[in-house]
Amino acid sequence: MDIDIEALFAPITINGHAVKNRLSVAPMTRISATEDGRATETMIRYYERFARGGFGTVITEGIYTDQAFSQGYVQQPGMTDEVQANAWKPVVKNIKSHGAFAIAQMMHAGAISQANRFRDTTVGPSSVQPKGEQMTFYHGNGGYALPAAITDEQIADTIAGMAASAARAIEVAGFDAIEIHGANGYLLDQFLTDYTNTRADRWGGVTENRVRLILETFKAVRGKLGAKTPVGVRISQGKVNDYHHKWADAERDAEIIFGGLADAGADFIHVTEFEAWKPAFAPGGPSLMNLARRYAPKAVILANGGLHNVEQAVEALDDGADIIAIGRGALANPDLPKRLLDRGALNDFDPTILGPIANIKESELAM
Ligand SMILES: Cc1cc2nc3c(=O)[nH]c(=O)nc-3n(C[C@H](O)[C@H](O)[C@H](O)COP(=O)(O)O)c2cc1C
């Protein structure tokens with residue numbers, strides 16, 4: 001194996017902020033916070049290992065953003081008040097002490113919330129039964145609840161919650177940047193998705209309407225944080241409860257979504273697909289990262305999905321990605337960047353570490 005890995009170690013800037021290399025930890029929910037949503041000692045140690053291992057960027061797990069409908073999981077961390085924000089401080093401090101860039105992911109679970117200590121019911125764009133079954137490794141059991149259609153007032157509260165939590169993440173916890181979770185079947189993606197959003201108002205119908213909540217959320221976060229703080233959005237086709245979903249209007253949808261984010265001024269776009277290098281739509285066509293690059297030429301593009309293979313990671317940089325986000329490969333190799341530099345072998349991902357419950361295990365922290 002003689003692959004030129006140098007490109008993975010070239011520095012880059014995101015909205016003027018220096019990032020030391022092209023390797024990022026992908027966001028991963030590990031339900032290891034306290035019941036009331038505070039980051040724990042275990043999380044401090046867990047996140048620090050990735051920074052010590054050479055990752056240039058660490059993106060947190062999805063953090064819930066309000067005390068209404070956003071929480072998705074038992075022991076998910078939140079950013080909804082000063083107490084929760086303060087609990088993140090040592091996590092961020094330790095990530096940054098190794099020179100890594102710390103990004104907080106803001107997440108609203110919407111209709112696929114499995115647990116929420118603030119509410120007994122769920123909301124989605126429309127009252128449509130979510131596909132699939134709850135995730136047992138996050139303490140779920142059986143189908144999802146039927147959500148109520150979110151009201152205009154609740155939409156406004158959702159956006160305000162995202163913006164206020166983003167401000168706490170930057171100003172109190174000390175994060176460098178914000179990623180808005182617009183992917184994987186959670187609330188913002190439920191609005192984007194044709195079959196979960198059957199609204200007839202300005203939030204539903206054509207793709208330009210269905211992407212509106214993502215763009216309005218982005219604008220509210222940007223408005224709260226100002227122009228200098230990096231803000232980006234994560235986008236996918238597939239969902240945790242529908243892996244194979246494809247956008248109906250294919251490249252035209254990609255143009256509307258990525259072009260909309262570009263026009264709104266997104267500093268970065270994080271695209272995720274099961275296998276990031278594959279054509280996003282028809283065989284032989286461009287990948288999703290390539291389309292993001294094309295329609296948002298000024299944004300930093302993060303690509304994710306099966307890219308722990310170094311050869312594919314390097315190729316992704318040629319296919320439009322600027323930064324490679326690695327999930328399972330980082331769990332198996334918290335020191336993956338250092339291993340690449342040392343030409344060491346990578347460990348295979350062992351799915352048993354996520355079972356029976358996906359919480360952080362002591363055995364990982366010893367790695
Ligand atoms: C245990 C686990 C938890 C995850 N939690 C999140 C999350 O909170 N937010 C998110 O955007 N993606 C989440 N993901 C998806 C990952 O960010 C990533 O897209 C996925 O693992 C595919 O990338 P990989 O092939 O590098 O593992 C999670 C994945 C795993 C394995």
Side-chain angles (χ1 to χ4, degrees), residues 22-33 37 39 43 46-47 50 55 57-65 70-79 103-110 112-114 135-140 178-190 192 214 232-243 268-278 287-289 302-310 312-313 316 321 323-334 336-337 346-361 364:
R22 308 308 182 93
L23 295 162
S24 174
V25 180
M28 283 179 282
T29 290
R30 297 300 305 273
I31 57 166
S32 297
M43 291 166 65
Y46 165 81
Y47 279 111
F50 299 120
F55 280 96
T57 302
V58 177
I59 310 177
T60 68
E61 59 206 287
I63 302 171
Y64 67 84
T65 52
S70 65
Q71 186 181 350
Y73 303 111
V74 176
Q75 286 185 274
Q76 182 187 5
M79 196 66 81
I103 304 184
Q105 187 184 60
M106 300 288 112
M107 166 175 157
H108 191 304
I112 60 170
S113 170
Q114 300 188 176
M135 286 174 273
T136 53
F137 77 176
Y138 293 145
H139 300 288
I178 296 296
E179 174 168 292
I180 295 164
H181 198 347
N184 300 129
Y186 296 102
L187 183 75
L188 300 192
D189 186 41
Q190 288 156 26
L192 180 59
I214 292 177
V233 179
R234 189 178 219 227
I235 296 287
S236 70
Q237 299 191 88
K239 309 170 195 316
V240 292
N241 61 334
D242 181 6
Y243 297 141
F268 65 93
I269 299 175
H270 181 176
V271 290
T272 172
E273 291 257 272
F274 176 56
E275 289 171 321
W277 59 90
K278 291 212 165 145
S287 65
L288 203 63
M289 60 183 147
L302 278 70
N304 167 253
L307 291 174
H308 41 268
N309 175 321
V310 64
Q312 258 147 348
I323 292 176
I324 308 303
I326 298 173
R328 292 161 299 170
L331 294 181
N333 305 276
L336 184 141
L346 296 186
N347 297 324
D348 287 333
F349 171 65
D350 171 9
T352 62
I353 64 166
L354 298 177
I357 297 299
N359 62 325
I360 300 164
K361 311 291 186 300
E364 292 176 69

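We count ligands from 1, going down the list as the structure has it; atoms in each ligand are counted the same way.
- In this structure, atom 17 (O) of ligand 1 lies nearest to the protein heavy atom P27 O, 2.7 Å.
- Considering both main-chain and side-chain atoms, E61 never comes within under 3.5 Å of ligand 1 through any nitrogen or oxygen pair.
- Within the 4.0 Å heavy-atom shell around ligand 1 one does not find A358.
- For E179, the side chain to side chain donor-acceptor pair (under 3.5 Å) test picks out Q105, H270, with sequence neighbours left out.
- The nearest heavy-atom contact from the protein to atom 26 (O) of ligand 1 is G327 N, 2.8 Å.
- Residue-ligand proximity, L354 to ligand 1, at heavy-atom distances under 4.0 Å covers atoms 1 (C).
- In terms of protein heavy atoms, atom 29 (C) of ligand 1 is closest to M28 CG, 3.8 Å.
- At least one N/O-N/O distance between G62 and ligand 1 falls below 3.5 Å.
- If you check which protein heavy atom lies closest to atom 12 (N) of ligand 1, you get R234 NH1, 2.9 Å.
- Remark: R30 engages E364 in a salt bridge (Lys or Arg N to Asp or Glu O under 4.0 Å) (not counting sequence neighbours).
- On a distance-only criterion, N304 and ligand 1 share at least one N/O pair closer than 3.5 Å.
- Counting only heavy atoms of the protein, atom 8 (O) of ligand 1 lies nearest to T29 OG1, 2.5 Å.
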